[in-house]
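Notes follow the structure.
Just follow the structure's listing: the first ligand is 1, and inside any ligand the first atom is 1. Worth saying up front: this structure is predicted, and the values here are computed from it rather than measured. Throughout, residue positions are numbered sequentially from 1 according to the sequence presented.
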Amino acid sequence: MNRTIVITGASSGIGAATAKKFAINGDNLILLARRIDKLESIKKEISTLSNVKVLIDKVDVRNKKEVFNFFSNLTIDWQNIDILVNNAGLALGLSPLHEGNIEDWEVMVHTNIMGLLYVSRAVLPGMVKRCKGHVINLGSIAGREVYANGNVYCATKHAVHALSEAMRIDLLPFNIKVTNVAPGAVNTEFSTVRFKGDRDLADQVYTGYTPLMANDVADAILYAANLPDHVNVNDILVMPTHQANATIFNKKNNT
Ligand code: NDP
Ligand code: 8X3
């Protein structure tokens, strides 16, 4: 559709899957993450799928200076951003609050909340000026419910939900859409990151039932992004069929 889409955290999982779907849809892409080597291979893969333009850069969303430098140095042909997908995010650890690792809390809060705010603050003035745009924030079922030991991660995703609602109010006069996409369990690098590289623990999260795949969430994002100008999907809560809420799964007879 020849739009310009920014996706943060495009180096894996939901962000990478969404990038490929937008590319097939004919949209040009600005893809950001810390792992530039991963972004390079995704850019290469996209070039086999579509001839859209793809700009990649190593941007850590926690780094305010890096975020604002990147967006203020965009060349004119990249400046009119139509859609911002605030996807970069992570969970670190799973422990009761009184035993929590404070450095992990800081990384989650800085990435999931402050990172989303920095990127939004850098991109939104252009959308406001043009009275046009769409922000798609990656929330979570953890932004609707709290589960044992999920404390700080759940709090950050509740904050994402609140910020989506706040943006929808503040951006209303400027015709800017805001969609909060809240998935249940998605089999990506998410749990490997949460358990700091312990693949066995990560695999257990997705065993005994069929989780969502990154492409399933990307489909939901594309659905919201491709609606007519006068239609906005405020919220998408997308779950595996085998998952009723944050903690109740059907793991019987599903392997
Ligand atoms: P992945 O771990 O596969 O992807 C996370 C992405 O975020 C990576 O591309 C990573 O890139 C990027 N990222 C992390 N920290 C930073 C940072 N400081 N700066 C820039 N990019 C960063 O997980 P998912 O695809 O599953 O996660 C995507 C989003 O979906 C997250 O916000 C997550 O909370 C949310 N979500 C995930 C669910 C799940 O079950 N998987 C369910 C509900 C929501 P890099 O390391 O290269 O910087
Ligand atoms: C990721 C899903 O349930 O592990 O946001 O928090 S969950």
What protein heavy atom sits nearest atom 15 (N) of ligand 1, and how far off is it?
Arg34 NH2, 3.2 Å
When you measure from atom 7 (S) of ligand 2 to every protein heavy atom, which one gives the shortest distance, and what is it?
Tyr147 OH, 3.5 Å
When you look at OH of Tyr223, are more than 12 heavy atoms from neighbouring residues, nucleotides or ligands closer to it than 6.0 Å?
no
Using a heavy-atom cut-off of under 4.0 Å, does the side chain or the backbone of Thr111 touch ligand 1, or both, or neither?
side chain
Look at atom 3 (O) of ligand 1 and say which protein heavy atom is nearest, naming residue and atom and giving the distance to 0.1 Å.
Ser12 OG, 2.8 Å
Please determine whether the number of non-hydrogen atoms from other residues, nucleotides or ligands lying under 6.0 Å from atom NZ of Lys53 exceeds 12.
yes
Does some non-hydrogen atom of Lys157 fall short of 4.0 Å from ligand 1?
yes
Quick test: of every protein heavy atom, which one is nearest to atom 5 (C) of ligand 1, and how far off is it to 0.1 Å?
Gly89 O, 3.7 Å
Flag if over 12 foreign heavy atoms under 6.0 Å of CG, Asn51:
no
Ala142 heavy atoms within 4.0 Å reach ligand 2 at atoms 6 (O)
Would you say ligand 1 has an N or O under 3.5 Å from any N or O of Val193?
no
Exactly one of Arg199, Arg35, Arg194 should register a salt bridge (charged side-chain N to carboxylate O under 4.0 Å, His left out) with Glu189. Which one does?
Arg35
For atom 42 (C) of ligand 1, closest protein heavy-atom neighbour
Gly184 O, 3.1 Å
For Lys177, is there an ion pair with Asp82 - N to carboxylate O distance below 4.0 angstrom?
no
Closer than 4.0 Å to some heavy atom of Ile141 - which atoms of ligand 2 meet that?
3 (O)
Residue Gly13 vicinity, atoms of ligand 1 by number, heavy atom under 4.0 Å
3 (O), 25 (O)
Between Thr192 and Asp198, do the side chains contain a donor N or O and an acceptor N or O under 3.5 Å apart?
no
To check your reading of the model: name the closest protein heavy atom to atom 12 (C) of ligand 1, its residue, and the distance in Å.
Gly9 CA, 3.4 Å
I want to know if ligand 1 touches Ser140 in the polar sense, i.e. an N/O pair below 3.5 angstrom.
no
Please could you name the atoms of ligand 1 that Val59 approaches to less than 4.0 Å, counting only its heavy atoms?
19 (N), 20 (C)
Decide whether the shortest distance between a heavy atom of Gly139 and an atom of ligand 1 is less than 4.0 Å.
yes
The closest protein heavy-atom partner of atom 36 (N) of ligand 1 is Tyr153 OH, 4.0 Å
Within ligand 1, which atoms have a heavy atom of Asp60 less than 4.0 Å away?
17 (C), 18 (N), 19 (N)
Residue Arg62 vicinity, atoms of ligand 1 by number, heavy atom under 4.0 Å
18 (N)
Judged by modelled atom types alone, do Arg34 and Asn63 share a side-chain donor-acceptor pair under 3.5 Å?
no
With a 3.5 Å distance limit and no angle check, can you tell me whether Ser41 reaches the backbone of Asp37 through a side-chain donor-acceptor pair?
yes
Measuring from the heavy atoms of Pro183, does anything fall under 4.0 Å of ligand 1?
yes
Cut-off 3.5 Å, side chains only: do Asn2 and Asp27 have a donor facing an acceptor?
no
Report the part of Val186 in contact with ligand 2, treating N, CA, C, O as backbone and CB onward as side chain, heavy atoms under 4.0 Å; options are side chain, backbone, both, neither.
neither
Ignoring hydrogens and angles, state whether a donor on the side chain of Asn232 or Asn234 is under 3.5 Å from an acceptor on the partner side chain.
yes
The protein heavy atom nearest to atom 30 (O) of ligand 1 is Ile14 CD1, 3.5 Å
What residue and atom, counting heavy atoms only, is the protein's closest point to atom 2 (C) of ligand 2, and at what distance?
Ser140 OG, 3.7 Å
Just need the protein heavy atom nearest to atom 23 (O) of ligand 1, so name the residue and atom and give the distance.
Thr188 OG1, 3.4 Å
If you measure every N or O of Asn87 against every N or O of ligand 1, does any of those distances drop under 3.5 Å?
yes
Give yes or no for whether the N/O distance cutoff of 3.5 Å, strictly under, is met between Val186 and ligand 1.
yes
Looking only at distances, can you tell me whether any N or O atom of Gln243, backbone or side chain, sits closer than 3.5 Å to an N or O atom of ligand 2?
no
For ligand 1, note which part of Leu32 has a heavy atom under 4.0 Å away: side chain, backbone, both or neither.
neither
In this structure, does ligand 1 have an atom that sits under 4.0 Å from one of the heavy atoms of Thr8?
no
Please report the shortest heavy-atom distance between Lys251 and Val205, naming the atom on each side.
NZ-O, 4.4 Å
Report yes if some heavy atom in the side chain of Asp216 is under 4.5 Å from a heavy atom in the side chain of Val186; otherwise report no.
no
Taking the side chain as every heavy atom from C-beta outward, state whether Leu138 and Val160 have any atom pair closer than 4.5 Å.
no
Is the Phe190-Tyr153 ring centre distance short of 6.0 angstrom?
yes
Asn73 atom CG: more than 12 heavy-atom contacts under 6.0 Å:
yes
Show which atoms of ligand 2 fall inside a sub-4.0 Å distance from at least one heavy-atom site of Tyr153.
1 (C), 5 (O), 6 (O)
Does only the side chain of Lys38 get under 4.0 Å from ligand 1, or the backbone, or both, or neither? Count heavy atoms.
neither
Please report the shortest heavy-atom distance between Ile14 and Thr188, naming the atom on each side.
N-CG2, 4.2 Å
Donor on one side chain, acceptor on other, Asn180 and Asn137, under 3.5 Å:
no
Show me which atoms of ligand 1 lie under 4.0 Å from any heavy atom of Ser11.
8 (C), 9 (O), 10 (C), 11 (O), 45 (P), 47 (O)
May I ask you to identify, for Tyr118, whether its side chain, its backbone, both or neither come under 4.0 Å of ligand 1 on a heavy-atom basis?
neither
Lys58, NZ atom: more than 12 neighbouring heavy atoms under 6.0 Å
no
Numbered atoms of ligand 1 (with element) below 4.0 Å of Ala185, judged on heavy atoms
40 (O)
Can you check whether Met114 reaches Arg62 side chain to side chain, under 4.5 Å on heavy atoms?
no
